[in-house]
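First up is the structure itself, then whatever we jot down about it.
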Number of protein chains: 2
Amino acid sequence: MKSKLNSVVFTHDSILLLSSMEKALTLTEKKRLDILAAAQDEFKEKGFLGASMDSLAKRAEVSKRTVYNHFPSKEILFHNIVKELCDSFRQAANIQYHPNKPLGEQLHFAATSEIQLLASECFRDLNRITISECIRSPELASSTLDHLGQQKEGLHVWIHEAMKDGRLKTADAHFAAQQFLGLIKASAFWPQLFMNQAFPSAEQQKIIADDTVLMFLARYKA
Amino acid sequence: MKSKLNSVVFTHDSILLLSSMEKALTLTEKKRLDILAAAQDEFKEKGFLGASMDSLAKRAEVSKRTVYNHFPSKEILFHNIVKELCDSFRQAANIQYHPNKPLGEQLHFAATSEIQLLASECFRDLNRITISECIRSPELASSTLDHLGQQKEGLHVWIHEAMKDGRLKTADAHFAAQQFLGLIKASAFWPQLFMNQAFPSAEQQKIIADDTVLMFLARYKA
DNA sequence: TAGGTAAACTGCACCGAGTAGTTTACATTT
DNA sequence: AAATGTAAACTACTCGGTGCAGTTTACCTA
């Protein structure tokens, strides 16, 4: 299996769930997780408007009433899903600036971990779910995609420090970080999100990371 | 002055058309344009699923029956809107490679015209309308976003020629074009589309174009 | 220029399907 | 037996789409 994050939530296989969590789960809690898993599938597949509570309940093999016992409304359930998915990415790859290590090495690590994040099925699911709604719901847009910009924050700080340290040309650190991530996402995020393009292979990922660092340093190295 | 019956079928800009020709339009044609304009607003505002044919008809100040006289179904109407918007971007900025002009100048032109395109309210409308649906409809995704990739094609060819000419380092031209556009869109497209970020001012646009070219040439100039 | 005809528009009622959310009455678990 | 979960029916909608009777418009002819 793939997902190493919050294994409980993303596991669709209830038997596995039960066996791995011992007998700790009461039936009520199990149902709750079934509902969350089914809701995630339903929303992912049909979007917020397209999703139906009946279909969702059937998916979870649970009475619709039970769904409403756990979540008072469709919207609240939706926000729970989004929140939950968001939380699983709190572990923002906090890149630390090391004055002694080579810039290329540090940047390559940043690029690789960003690609790693973009590669995770989980992360793309979150985006597929939210982005459609974000366009028409600014509130959700900011609350959610703030999270997405979190490791951008980290990179921005890193760049700023490297500039202060005289190892990068002085420039707008925020803008530079945007460029760095833009280079990556142009190949490893947007095309996969909107067209159904396959995600880059391991070799392609390496090329993307290498070339991003190469280009970035060609421009900014002091 | 009389107008041929079907000369108006494909519309460029409905509002402009209406105000400039006014009397020349037969009532049927005017209604048709009213419907298209209203549909554009409705879809833009609520998306495909959220849009309602009743609300749309009211917006167009037209009987719902009339809507269905012109367009047999909601889906067909939607595709008409998308097609119409697409057609208004047929003028793909076809960048031509000039062996004698400086690379920076030519690239700067490409960057500027790309930003120009991304800046147009029209173009962002098209994307806002389609992208949400593209995620769940691969068919629409390819048919529509092919268009978006058209000027990318142009750039890719340009880069290829410059490489053959020995003025750029030999590399994957398609990948390089993707990088070039990624640099631009990271600042002037995606943030505006999903968050409601304001579009860059004229000065900011210049900075983006300058810096994109700078970075690209730092990496690829032979 | 007047008049007639065909086509288009209107407004409304209506259909069947589906929606979120609630209630009721029964079954299972503990 | 008390508590919780259950299915199915029910409410009060909204939706896309249709049928139809009556009105308006466009255009051709006499």
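To find a chain, count down the sequence lines: A is the first, B the second, and so on, and within it residues start at 1.
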Quiz item: With a non-hydrogen cut-off below 4.0 angstrom, is B:A51 in contact with a base, only sugar-phosphate, or nothing?
Solution: sugar-phosphate
Any side-chain donor paired with an acceptor under 3.5 Å for [X] and [Y]?
X	Y	result
B:S113	B:Q116	no
A:Q179	B:D211	yes
A:E42	A:S55	yes
A:Q106	A:W158	yes

Exercise. Considering just the side-chain nitrogens and oxygens of B:K31, establish if one lies under 4.0 Å of OP1 or OP2 belonging to C:dC9.
Key: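 Answer no for this pair, as no side-chain N or O of B:K31 is under 4.0 Å from OP1 or OP2.
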Quiz prompt | Criterion side chain to side chain contact (heavy atoms under 4.5 Å, CB included) against B:K44, the qualifying member of B:L85, B:I129, B:L126 | solution = B:I129
Quiz prompt | Heavy-atom side-chain contact between A:F189 and A:I115 under 4.5 Å | solution =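 Not touching, per the 4.5 Å side-chain cut-off.
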Quiz item: Do NZ/NE/NH1/NH2 and the carboxylate oxygens of A:E45 and A:R59 come within less than 4.0 Å?
Solution: yes
Whole angstrom is fine here: how far is it from [atom1] in [X] over to [atom2] in [N]?
X	N	atom1	atom2	result
A:D54	C:dT22	CG	C1'	12 Å
B:R32	C:dC9	CZ	P	11 Å
B:M53	D:dC15	CE	P	12 Å

Quiz item: Do any N or O atoms from the side chain of B:K83 and from the backbone of B:F78 form a donor-acceptor pair under 3.5 angstrom?
Solution: no
Quiz item: Does any residue of residues 58-73 of chain B have a heavy atom under 4.0 Å from DNA chain D, and if so, which ones, in number order?
Solution: B:K64, B:R65, B:Y68, B:S73
Exercise. Would you work out how much the helix from C:dT1-D:dA30 to C:dT30-D:dA1 bends between its ends, with each end axis defined by five base pairs, to 10 degrees?
Key: 10°
